[in-house]
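Everything on this sheet refers to the single structure shown next.
Quick note: numbers below take in every heavy atom, side chains included, and nothing from hydrogens, waters or symmetry partners.
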Amino acid sequence: NAKKRGNEFVAKKQYLAAMDSYLKGLHTSSESDLVATLLSNRAQAFVHLKDWTNALCDAAASLTIRPNNNKTWARYRKCLLAQQQQANDD
């Protein structure tokens with residue numbers, strides 16, 4: 001499945017391939033828990049690439065579906081802190 005393939009790509013540090021796999025899963029899934037997981041996992045792939053804006057968007061979208069997920073909240077906070085640091089550096 002898309003989640004498993006994406007996770008395998010992340011383990012190999014192939015983040016673009018992971019994001020593509022998660023996206024394919026998002027296009028084909030209607031199960032809200034899986035959608036939340038795919039969004040959160042894709043957010044983590046964006047984090048690895050330091051794409052804070054897209055990571056933040058995916059984490060926020062995931063949290064609208066599953067608001068009590070601690071792992072996704074951690075990703076969300078990491079993105080906010082990174083964007084704040086980036087703004088301070090500019």
Sub-3.5 Å donor-acceptor pair from the side chain of [X] to the main-chain atoms of [Y], do we have one?
{"X": "R75", "Y": "S40", "answer": "yes"}
{"X": "T37", "Y": "D33", "answer": "yes"}
{"X": "Y15", "Y": "Q44", "answer": "no"}

Partner residues of Q85 under the side chain to side chain donor-acceptor pair (under 3.5 Å) criterion, sequence neighbours left out: D89
Least distance between heavy atoms, [X] atom then [Y] atom:
{"X": "A18", "Y": "G6", "result": "CB-O, 3.4 Å"}
{"X": "Y22", "Y": "K3", "result": "CE2-O, 3.8 Å"}
{"X": "S21", "Y": "A2", "result": "OG-O, 2.8 Å"}
{"X": "L56", "Y": "C79", "result": "N-SG, 3.7 Å"}
{"X": "A43", "Y": "A59", "result": "CB-N, 3.8 Å"}

In one Ile/Leu/Val/Met/Phe/Trp/Tyr side-chain cluster, 4.5 Å: L49, L39: yes
In one Ile/Leu/Val/Met/Phe/Trp/Tyr side-chain cluster, 4.5 Å: F46, V10: yes
Supply the atom-to-atom distance [X] [atom1] to [Y] [atom2], rounded to the nearest 0.5 angstrom.
{"X": "M19", "Y": "D58", "atom1": "CE", "atom2": "CG", "value": "9.5 Å"}
{"X": "K4", "Y": "N41", "atom1": "NZ", "atom2": "CG", "value": "14.5 Å"}
{"X": "L80", "Y": "K78", "atom1": "CG", "atom2": "NZ", "value": "13.0 Å"}
{"X": "L34", "Y": "T28", "atom1": "CG", "atom2": "OG1", "value": "7.5 Å"}
{"X": "L38", "Y": "H27", "atom1": "CG", "atom2": "NE2", "value": "11.0 Å"}

Any residue meeting side-chain contact (heavy atoms from CB on, under 4.5 Å) with L63, in chain and number order, not counting sequence neighbours: T72, W73, Y76
4.5 Å side-chain heavy-atom contact, L26 and R42: yes
